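Throughout, a chain's letter reflects where its sequence line sits, starting with A, and its residues are numbered from 1. Since the model is a prediction, treat every value here as computed from it, not as a measurement.
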Amino acid sequence: DQTVLANEQVINGCCERCGSQVTKKELEQWYFLTTKLADELLEGLEQVEWPEHVKTLQRNWIGKSQGAEIGFKIDDSRFKIEVFTTRPDTLFGVTAIVLAPEHPLAKQLCVQNGKTAEFEAYNQAVSAKTNVDRAQGKETLKTALFTGAQAIHPLTNEKIPVWIADYVLMEYGTGAVMAVPAHDERDNIFAKTHKLPIKTVIEPITGTPLENEEFRRSIVAIVENPKTGKLLSINWGPKLGGNLFVGGGIDEGEDPVETAKREIAEETGYKNLKFIAKTETIHHHYIAHSKGVNRYIQASGLYFQLIDEEKQPVALEADERNKFSVEWLEKDVVERKVADQLHSLVFKRLVKNEIFSGYGVLVDSGEYSTESSQEATDRIVADLESAGTGKFTTTYRLRDWLVSRQRYWGAPIPVVYDPQGQPHPVKDEHLPLELPEDVNFLPGGESPLARSKEYKERAEKLYGQGWHFDTDTLDTFVDSSWYYLRYLSVNDTEKPFDKDLVKKWLPVDLYIGGIEHATLHLLYARFMYRFLVQNGYVKGAEPFDSAQGEPFKKLFNIGMINLHGAKMSKSKGNVVSPDPLIEHYGTDALRGYELFIGPLDIESEWNVRGINGIHRFLIRLYNYGQHDLSLLEQADIEDENADFDTYLTNINEAISDFRLNRYLAQAMEFLNKYEKLFLSPETFKKFLITLSPAFPYLSEEISEKLNITGSIFEQPWPKPTALTKTVEITVLINQKFSGKITDPGSETAAKKAVLEIIEIKNKLAGKKFKLVYKKAKVVNIIVN
RNA sequence: GCGCGUGUGGCGGAACGGUAGACGCGCUGGAUUCAGGUUCCAGUGUCCGCAAGGGCGUGGAGGUUCGACUCCUCUCACGCGCACCA
């Protein structure tokens, strides 16, 4: 409550910690310039072994986007507006320049054009909206204000109106956009609302260009029956492309609308049609399988409605006509069934009225017309650059990290202000700056430190009359962003951490934590460490590669335990106390159950009944440990060793993969098998050692019966006895299990051995079959 | 809207492309017990069958392969993240 937050700490317009709503306020605050390292933070992700999921979260959060900045001069003034766009290829489609309300030029342009009152009114309306309102949807798109100013298009010199609208955000890009209503959804809504022209400058391309293409012009015609709302579709069957609309080539000199009417009548008989709408030209490349040629077509999509249902006889020959059937389908059915790229694009443009925001071929774009988006982008930006009014740039979604907090509990910001209000760093000899103690530290809209008499006096004593410390404290995430460095030198009173120790211990080999830190702690810590490394604070000034800027080499995300589908948390009051369970089952059983509940990185459901299984296992283990094994007849030692080796290999793998549920399952399986066979005392001892991490109390207690000097925890982890176990091959008949054989090592020997098995011989008698062999795996007998 | 992830018995969950459901919970029957609990034995995907045995089965539809939970394409459902990002 009552403090500022960083962007990362705001969830849906509310505080990530306390859930209270976030409002906007103008304040002077300190920032860490995380955006300066945005690129490095992005690259560094390639250097670490983190779950892909977490890397993606961070990549999205940083939100790198490449585009260009383009300057638009304002007519009759010295001003110039820089817009950021990812689509310079749509430059000829610009019909407005739109500024964020907070844009420095927004007010000035209004004032210049005698619209001061309008601006003030609009600005007030906008700032009255909270972030939550802004996030509510497209409602705010409709609010905008014309400044009265005209910008000059840098390539055509046309005049373009300059608007203010709050759908443009000051924090992103340059706080100004070029509105291209034909090719951007928001610009489109904006333009329609304010009756601005919409100019198409990109024609879509579908498919990919091929070699030796045959060129033709053609149409795709959608026919609607206005009485039913259904659309006419031609079903060609699964092999010939499924459902399509009526299509056909345009004859030389023929008008597309006439072509479409002719094709519709020929294929379906309907002849009384009303033309409704038409798409821009669509460039389509495809392989015409039936004709065996590659085609490039320039297609027009056309939309018709039936005037009436009158039909003429279908003109096609019977064999031609039988290739397809004519269907009337609901629009949503059509959307699902029409898979062809060209036809479904026409559907989107004409039926769903979607705008086209993809890449394509330029049209109505002066000398750049007929170029592809890619070519045009490069050439347009290059041309603008040589004219001094444009360049490629990169923008990030990441915001700088606001670290000032109006809270008591935090490290004081080590800044002191002179009587003129100019900030200065607190001198080294005055560090660390400690919190004053004569304050009421409840939050109250301003920092509690501002209320401290002692803090003020301290500053004046150290720096002189009229000086005062910054009264905010640092975000606690600042502390957690470098604690792993301090951990190495907790008793050092001279400096925050010891470079040599850092050099020795970092990066952290394995970092375990919850996913909730993905774009908070983990991002801040990476930033801080990289900053310290880059500036020689941790490794000296030697050059370093990107990987050396990463504090955490490997990351493991631990999953939450849920209760009835909800995360357990103190604030929700749905925490399960372990105490009664420990009392009844013991800590070993509880720990074991927690390991056994499921994979560590997956959210799991808490279900107490499961603890019984572990409890039973522990009782069996304990009872087994009461036997004097040296007096009992044991199983075959070679089999036993081989089994133990297998077990050991499995659990070693499971443990290093954090598959602790597998680790315990293997242990149970092993005990199940040998509970009745009796192990040699040596093997049992090794078995017990492998269980000691999961069940420290019980394994220690049982080990007292064995000849172990000292604690079981001082025993080395067992090593495989390295006896080679015989490899078995599975024998399958038509993929069904039919037994196992010992692997003789070679294909011919294995096949021979299989065919000598009596039961298999009998099954195969008189049948044709062939054998598939896979080394050390399987012999599959395929009988037809 | 964009991005990411997950779908396997009644449940938690196993399966280097090679006997799907290991291990555990629960459930059913039996033994022990005056009884309940505990413990022990047997069974437990589903359908047909007394059984032997067989059919079907890893969200759905295709494909690759001798063989697919696993690889590829499409699709559905759920979950998560970001979101007026130009």
Side-chain angles (χ1 to χ4, degrees), chain A residues 11-12 51-65 67-68 83-87 90 98 100 134-141 165-169 171-180 183-187 189-190 238 336 339 354 357 395-399 515-516 518-519 565 592-593 596-599 602-617 619-620 623 650 653-654 659 661-672 729-740 769-774 776-784:
Chain A
I11 313 285
N12 287 332
E52 226 18 74
H53 171 59
V54 182
K55 289 193 192 182
T56 309
L57 284 179
Q58 290 215 351
R59 277 190 203 110
N60 290 350
W61 190 261
I62 294 168
K64 181 174 181 169
S65 130
V83 303
F84 174 74
T85 179
T86 53
R87 294 295 302 272
T90 63
V98 190
R134 268 194 168 195
Q136 280 309 313
K138 309 237 153 109
E139 205 52 34
T140 54
L141 280 171
D166 65 346
Y167 81 90
V168 179
L169 307 174
E171 307 89 83
Y172 187 76
T174 59
V177 303
M178 53 181 225
V180 183
H183 303 294
D184 180 278
E185 199 190 337
R186 291 153 320 190
D187 295 344
I189 298 171
F190 167 75
R336 231 178 21 250
E354 284 181 17
S357 58
T395 303
Y396 300 90
R397 208 193 70 97
L398 183 74
R399 316 277 168 78
I515 186 71
E516 69 275 15
T519 53
Y593 171 59
F596 194 62
I597 195 166
I602 303 288
E603 284 197 4
S604 308
E605 182 73 25
W606 182 257
N607 182 350
V608 196
R609 285 188 303 194
I611 201 171
N612 281 328
I614 299 289
H615 190 227
R616 284 176 197 149
F617 171 73
I619 289 170
R620 279 161 48 209
N623 289 341
N650 287 341
E653 194 180 293
R659 306 285 301 278
N661 53 331
R662 287 277 299 146
Y663 157 49
L664 294 194
Q666 299 283 350
M668 289 173 178
E669 214 173 339
F670 191 76
L671 184 67
N672 287 352
I729 290 187
T730 307
V731 182
L732 303 171
I733 298 180
N734 285 345
Q735 205 49 27
K736 286 241 175 295
F737 181 72
S738 308
K740 288 201 165 200
F769 60 87
K770 66 172 181 173
L771 299 177
V772 177
Y773 168 83
K774 190 157 177 195
K777 284 285 174 200
V778 84
V779 173
N780 193 10
I781 307 167
I782 301 125
V783 184
N784 17 8

**Q** What is the distance from CZ of A:Phe737 to C1' of B:rG18, rounded to the nearest Å?
**A**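 Atom CZ in A:Phe737 sits about 11 Å away from atom C1' in B:rG18.
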**Q** Rounded to whole Å, how long is the line connecting atom CD1 of A:Ile597 with atom P of B:rG24?
**A**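 The distance from CD1 of A:Ile597 to P of B:rG24 comes to 17 Å, rounded to the nearest Å.
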**Q** Could you write out each protein N or O paired with an N or O of nucleotides 55-58 of chain B at a distance under 3.5 Å?
**A**
none

**Q** Restricting to non-hydrogen atoms, name the atom on A:Ile515 and the atom on A:His53 that form the minimum distance, rounded to 0.1 Å.
**A**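 Answer, listing the atom of A:Ile515 first, then A:His53: CD1-CD2, 3.6 Å.
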**Q** Determine the Euclidean distance between corresponding P atoms of B:rG21 and B:rC72; express it in Å to zero decimal places.
**A**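 One P to the other, the span is 25 Å.
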**Q** Classify A:Arg399 by what it touches in the nucleic acid, base, sugar-phosphate, or nothing, heavy-atom distance under 4.0 Å.
**A**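 It contacts base atoms.
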**Q** Can you confirm whether the side chains of A:Asn672 and A:Arg620 place a donor and an acceptor under 3.5 Å from each other?
**A**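 Present: a donor and an acceptor within the cut-off.
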**Q** Look at A:Asn661 and B:rA14 and indicate whether a side-chain polar atom (N or O) is within less than 4.0 Å of OP1 or OP2.
**A**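 Looking at the OP1 and OP2 atoms of B:rA14, one of them is under 4.0 Å from a side-chain N or O of A:Asn661.
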**Q** Of all heavy-atom pairs between A:Ile729 and A:Val779, which one has the smallest distance, and what is that distance?
**A**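 Smallest heavy-atom distance, with atoms named: CG2-N, 3.7 Å.
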**Q** Say we look at B:rA51 and B:rC66: how far apart would their C1' atoms be, to the nearest angstrom?
**A**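 After rounding to an integer number of Å, I get 33 Å for this pair.
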**Q** Between atom OH in A:Tyr593 and atom C1' in B:rG26, what is the gap in whole Å?
**A**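 It is 13 Å, rounded to the nearest whole Å.
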**Q** Might you point out which heavy atoms bring A:Gly173 and A:Thr395 nearest each other, and give the distance in Å?
**A**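 Taking every non-hydrogen atom into account, N-CG2, 3.5 Å.
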**Q** Output the rounded distance in Å from CD1 (A:Ile729) to C1' (B:rG17).
**A**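 Taking atom C1' of B:rG17 as the reference, CD1 of A:Ile729 is at 16 Å.
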**Q** If you check every side-chain atom of A:Leu732, which of B:rG18, B:rG24, B:rA86 has the closest atom?
**A**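 Looking only at heavy atoms from C-beta outward on A:Leu732, the closest nucleotide is B:rG18.
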**Q** Return the minimal non-hydrogen interatomic distance between A:Leu671 and A:Phe617, and the atom names on each side.
**A**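 Reported closest heavy-atom pair: CD2-CE1, 3.5 Å.
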**Q** Taking the C1' atom of each, how far is B:rC25 from B:rG13, in whole Å?
**A**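 That atom pair is separated by 11 Å.
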**Q** Between P on B:rA83 and OH on A:Tyr172, what's the gap in Å once rounded to a whole number?
**A**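 To the nearest whole Å, that distance equals 13 Å.
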**Q** Think A:Arg59 has a side-chain N or O under 4.0 angstrom from the OP1 or OP2 of B:rC4?
**A**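 Indeed not, no polar side-chain atom of A:Arg59 lies that close.
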**Q** Report yes if a side-chain nitrogen or oxygen of A:Asn612 is closer than 4.0 Å to either non-bridging phosphate oxygen (OP1 or OP2) of B:rG26; otherwise report no.
**A**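 For A:Asn612, the contact criterion (side-chain N or O under 4.0 Å from OP1 or OP2 of B:rG26) is met.
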**Q** Mind checking the P distance from B:rA61 to B:rU70? Whole angstroms is fine.
**A**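 Approximately 13 Å lies between the P atom of B:rA61 and that of B:rU70.
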**Q** Taking 4.0 Å as the cut-off, does a side-chain nitrogen or oxygen of A:Arg616 come that near to OP1 or OP2 on B:rU39?
**A**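 Checking A:Arg616 against B:rU39: at least one side-chain N or O falls below 4.0 Å of OP1 or OP2.
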**Q** Is the ring pair A:Phe190/A:Tyr167 parallel, tilted or perpendicular, if the boundaries are 30 and 60 degrees?
**A**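 Rings of A:Phe190 and A:Tyr167: tilted, as their planes differ by 30° to 60°.
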**Q** Expressed in whole Å, how much space separates the P atoms belonging to B:rG67 and B:rU19?
**A**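 The answer is 15 Å between these two P atoms.
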**Q** Using heavy atoms to find the nearest nucleotide of RNA chain B for A:Thr730 and A:Gly173 separately, return the residue whose nucleotide is more 5′.
**A**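 Upstream on the strand: A:Thr730.
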**Q** Apply side chain to side chain contact (heavy atoms under 4.5 Å, CB included) to the pair A:Val180 and A:Arg87, showing each step before the final yes or no.
**A** CA-CA 9 Å; A:Val180 183; A:Arg87 294 295 302 272; over 6 Å; no
**Q** On a whole-Å scale, what distance lies between the C1' atoms belonging to B:rA68 and B:rA77?
**A**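 Each nucleotide's C1' atom is 22 Å from the other's.
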**Q** Quick one: do A:Asp184 and A:Thr90 satisfy side chain to side chain contact (heavy atoms under 4.5 Å, CB included)? Show the steps, please.
**A** CA-CA 10 Å; A:Asp184 180 278; A:Thr90 63; over 6 Å; no
**Q** Does A:Arg659 make a side-chain N or O approach to OP1 or OP2 of B:rG13 shorter than 4.0 Å?
**A**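 It does not, given that no N or O in the side chain of A:Arg659 lies less than 4.0 Å from OP1 or OP2 of B:rG13.
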**Q** Please report the C-alpha distance between A:Ile781 and A:Leu732 in whole Å, then the side-chain angles of each, then the deciding distance to 0.1 Å, and finally whether the side chain to side chain contact (heavy atoms under 4.5 Å, CB included) criterion is met.
**A** CA-CA 6 Å; A:Ile781 307 167; A:Leu732 303 171; over 6 Å; no
**Q** A:Asp184 has an atom CG; how far is it from atom P of B:rG1, in whole Å?
**A**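 Distance, rounded to whole Å: 16 Å.
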**Q** Where do N or O atoms of nucleotides 67-69 of chain B meet protein N or O atoms at under 3.5 Å, pair by pair?
**A**
| residue | atom | partner | partner atom | Å |
| --- | --- | --- | --- | --- |
| B:rG67 | O2' | A:Gln735 | OE1 | 3.4 |
| B:rG67 | O2' | A:Gln735 | NE2 | 2.8 |

**Q** Whole angstroms only, please: what is the CG-P distance between A:Asn60 and B:rC82?
**A**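 Roughly 10 Å, once rounded to whole Å.
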**Q** Do you know the tightest heavy-atom contact between A:Val98 and A:Ala165?
**A**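 Taking A:Val98 first and A:Ala165 second, the nearest heavy atoms are CG1-CB, 3.5 Å.
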**Q** I want to confirm an ordering. Mapping A:Gly610 and A:Thr86 to their closest nucleotides on RNA chain B, which one lands closer to the 5' end?
**A**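 Looking at RNA chain B, the more 5' nearest nucleotide goes with A:Gly610.
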**Q** Considering only atom P, compute the distance from B:rC23 to B:rG45 and round it to an integer number of Å.
**A**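 Approximately 13 Å lies between the P atom of B:rC23 and that of B:rG45.
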**Q** To the nearest Å, give me how far apart CD1 (A:Ile781) and P (B:rG18) are.
**A**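 It works out to 19 Å between those atoms.
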**Q** I'd like the P distance from B:rG9 over to B:rC47, given in whole Å.
**A**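 The answer is 15 Å between these two P atoms.
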**Q** Could you check if the base of B:rG9 is syn or anti? Syn means the glycosidic torsion is within 90 degrees of 0.
**A**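 With its glycosidic angle within 90° of zero, B:rG9 counts as syn.
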**Q** Within less than 4.0 Å of OP1 or OP2 of B:rA83, is there a side-chain N or O belonging to A:Arg397?
**A**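 Indeed, a polar side-chain atom of A:Arg397 lies that close.
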